[in-house]
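Working notes, structure below.
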Amino acid sequence: MENNYAYPLMPEWSKDEIIKMVEFYAAVEQANTTGIDRENFLKKVAEYHKIEPSIAAQKQLDREFKTVSGLSIYQTIKAANETTKKWLKVRK
């Protein structure tokens, strides 16, 4: 996967929120490539929902992220919620 792209960011986010969102996007990528500890990923999902509680904005971010990375935030979170395994590796 080519990682030469910019993550979608919202102008109203603080510096700390941007850092947390970049970590979240990286966790989505990791869940779809090498795999990630599910509990760690779910903590990042909780931070994501706290930073961006708007469903409409979440859908917009998912579309933008999928356009640049080819990965779906929604599908990755869905996979994490549907399994009880300790290690999350999204199968395509």
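The figures that follow rest on heavy atoms only: side chains count, while hydrogens, waters and symmetry mates do not.
Listed by first and then second residue, the ring-ring contact (aromatic ring centres under 6.0 Å, His included) pairs that reach into residues 23-51 are Y7-Y25, F24-Y48, Y25-F65, sequence neighbours excluded. Identified under the salt bridge (Lys or Arg N to Asp or Glu O under 4.0 Å) test for residues 75-89, with sequence neighbours left out: D37-K86.
To the nearest 0.5 Å, atoms CD1 (I36) and CD (E39) are separated by 11.5 Å. I73 contributes atom CD1, which lies 8.5 Å from atom CD of Q58 (distance to the nearest 0.5 angstrom). Note that the CD1 atom of I18 and the CD1 atom of I51 stand 9.5 Å from one another [nearest 0.5 Å]. Once rounded to the nearest 0.5 Å, the distance linking NZ of K66 with OG1 of T76 reads 9.5 Å.
When the salt bridge (Lys or Arg N to Asp or Glu O under 4.0 Å) test is applied to K50, no partner is found at least two apart in sequence or on another chain.
Using a 4.5 Å cut-off between side-chain heavy atoms of Ile, Leu, Val, Met, Phe, Trp and Tyr, with links allowed through other members, V68 and L9 fall into the same hydrophobic cluster.
A80 and L42 make their closest contact through CB-CD2, 3.9 Å (heavy atoms, listed as atom of the first residue, atom of the second, distance). Minimum heavy-atom separation, Y5 to S69: OH-CB, 3.4 Å.
Counting heavy atoms from C-beta outward, K44 and N40 have side chains that approach closer than 4.5 Å. Two residues are said to be in side-chain contact when any heavy atoms from C-beta on lie closer than 4.5 Å; E29 and L71 meet this criterion. Using a 4.5 Å heavy-atom threshold, the side chains of E17 and M10 count as separate.
Listed for the N32 side chain is a donor-acceptor partner under 3.5 Å among the backbone atoms of V28. Here the side chain of R38 pairs no donor or acceptor atom with the backbone of T84 at under 3.5 angstrom.
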